[in-house]
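As structure tokens, the structure follows; a few thoughts come after it.
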Amino acid sequence: MTKEYQDLQHLDNEESDHHQLRRDSQLQEELRALQETLNNFTSSTGAEVTALSSKGDSVGKKMKSLESEVEKLQQDLKEDHSSLLLHVKQFVSDLRSLSCQMAALQGNGSAGTCCPVNWVEHEGSCYWFSRTGKPWPEADRYCRLENAHLVVVTSREEQKFIEHHIGFLNTWMGLSDPDGVWKWVDGTDYEAGYQNWRPGQPDDWSGHGLGGGEDCAHFTNDGRWNDDMCQRPYRWVCETKLGPAA
């Protein structure tokens with residue numbers, strides 16, 4: 001092999017190595033560019049995923065808030081509907097009472113018996129439901145001035161009727177035991193009559209710190225009875241027998 005041939009072969013090898021280095025360098029550049037593109041894509045995608053997740057949480061919270069608002073509106077509508085029905089029934093009762101009393105005033109013989117205006121007729125009695133509170137003795141006096149008495153409960157059916165009208169508010173009834181013996185204000189037999197006390201009541205509890213025990217009965221928020229200090233300002237119900245129009 002001649003020296004010239006060896007030199008040419010050496011030059012070819014160097015050129016081949018040079019081309020290989022250039023290809024390797026180019027590949028590295030392309031790999032770096034690809035890596036950078038991948039990093040940017042990953043970063044961008046991660047940011048978008050985070051943003052979408054954040055939006056998803058926000059939408060979820062808004063949905064829950066809207067659901068809560070809808071539930072509250074439904075409850076308010078239900079309460080308003082119940083209140084409206086009660087007012088309509090009261091209006092119809094008052095209208096019937098006025099018609100009855102006008103017939104009596106005209107003396108045309110068609111009057112029969114009537115409840116006073118703003119009183120509710122039920123099973124031969126008239127009931128008046130207060131919208132303010134008074135101590136038991138003052139409530140008792142108020143009913144007597146209306147030619148009535150604090151309500152006397154004689155049956156489960158009457159109990160349910162009263163519960164419907166008083167709702168969930170503490171309300172006085174015509175039952176007390178100032179002398180240690182429970183008595184209805186109209187003389188109805190307490191021992192043989194209807195009773196609806198809460199478990200453990202009456203207990204004549206004196207731990208309220210207001211002096212004395214508990215001598216007056218009232219309807220509680222679930223309708224059952226409890227004894228309490230008579231000076232508490234609870235609502236009350238008056239009752240009178242259905243009679244001729246005044």
Side-chain angles (χ1 to χ4, degrees), residues 83 86-105 111-179 181-197 202 214-221 223-246:
S83 177
L86 193 60
H87 280 87
V88 168
K89 288 180 180 179
Q90 182 65 57
F91 175 76
V92 171
S93 176
D94 292 347
L95 188 61
R96 185 168 58 243
S97 178
L98 281 172
S99 299
C100 178
Q101 293 183 33
M102 286 187 67
L105 288 172
T113 56
C114 306
C115 283
V117 177
N118 294 325
W119 291 57
V120 181
E121 180 183 340
H122 178 75
E123 297 294 331
S125 291
C126 302
Y127 300 82
W128 183 84
F129 300 87
S130 81
R131 293 293 178 264
T132 58
K134 288 182 182 294
W136 192 96
E138 292 184 31
D140 178 58
R141 192 177 309 116
Y142 180 96
C143 291
R144 293 181 187 279
L145 290 173
E146 294 291 327
N147 294 319
H149 55 74
L150 282 170
V151 67
V152 174
V153 188
T154 59
S155 67
R156 178 60 182 167
E157 197 280 331
E158 185 178 21
Q159 167 78 27
K160 297 300 291 183
F161 164 77
I162 295 168
E163 284 181 28
H164 174 73
H165 283 274
I166 65 175
F168 304 100
L169 299 171
N170 290 326
T171 304
W172 291 125
M173 67 181 73
L175 182 63
S176 63
D177 73 333
D179 303 320
V181 179
W182 287 102
K183 295 179 181 179
W184 289 108
V185 290
D186 69 342
T188 295
D189 190 338
Y190 166 74
E191 294 295 338
Y194 174 80
Q195 298 180 27
N196 191 39
W197 295 101
E214 298 177 321
D215 297 326
C216 296
H218 68 92
F219 302 96
T220 62
N221 58 4
R224 289 180 294 180
W225 307 353
N226 176 59
D227 60 333
D228 208 338
M229 197 190 75
C230 300
Q231 292 304 312
R232 293 195 186 277
Y234 291 157
R235 294 189 179 191
W236 72 96
V237 182
C238 296
E239 177 184 6
T240 187
K241 289 297 180 184
L242 184 64

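Predicted model only: the values in this text are computed from it and were never measured.
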Roughly how far, to the nearest 0.5 Å, is CD of E157 from CD1 of I162?
-> 9.5 Å
Closest heavy-atom contact between D189 and E191?
-> OD1-N, 3.1 Å
Checking D179 side chain against V181 main chain: does a donor-acceptor pair fall under 3.5 Å?
-> no
Any side-chain heavy-atom pair of E158 and S155 under 4.5 Å = yes
On the 0 to 90° scale, with breaks at 30° and 60°, tag the F161-H122 ring pair as parallel, tilted or perpendicular.
-> parallel
Contact check, side chains of H218 and M173, non-hydrogen atoms, under 4.5 Å | no
Do you know which two heavy atoms are closest between E239 and A148, and how far apart they sit?
-> O-CB, 3.2 Å
Would you check, one step at a time, whether the test side-chain hydrogen bond (donor to acceptor under 3.5 Å, both in side chains) holds for Y190 with Q195?
-> CA-CA 8 Å; Y190 166 74; Q195 298 180 27; 3.2 Å; yes
For the atom pair OG (S176) and CG (D227), what is the distance rounded to the nearest 0.5 Å?
-> 11.5 Å
For T171 and W236, indicate whether the former's side chain and the latter's backbone hold a donor-acceptor pair under 3.5 Å.
-> no
Anything under 30° is parallel, anything over 60° is perpendicular, the rest tilted; go ahead and classify W119 against W128.
-> tilted
Anything under 30° is parallel, anything over 60° is perpendicular, the rest tilted; go ahead and classify F129 against H165.
-> parallel
Would you tell me whether Q159 and W225 have side-chain atoms, one donor and one acceptor, within less than 3.5 Å of each other?
-> yes
Using ring-ring contact (aromatic ring centres under 6.0 Å, His included) as the criterion, point out the one residue from F219, W136, W172 that pairs with Y234.
-> W172
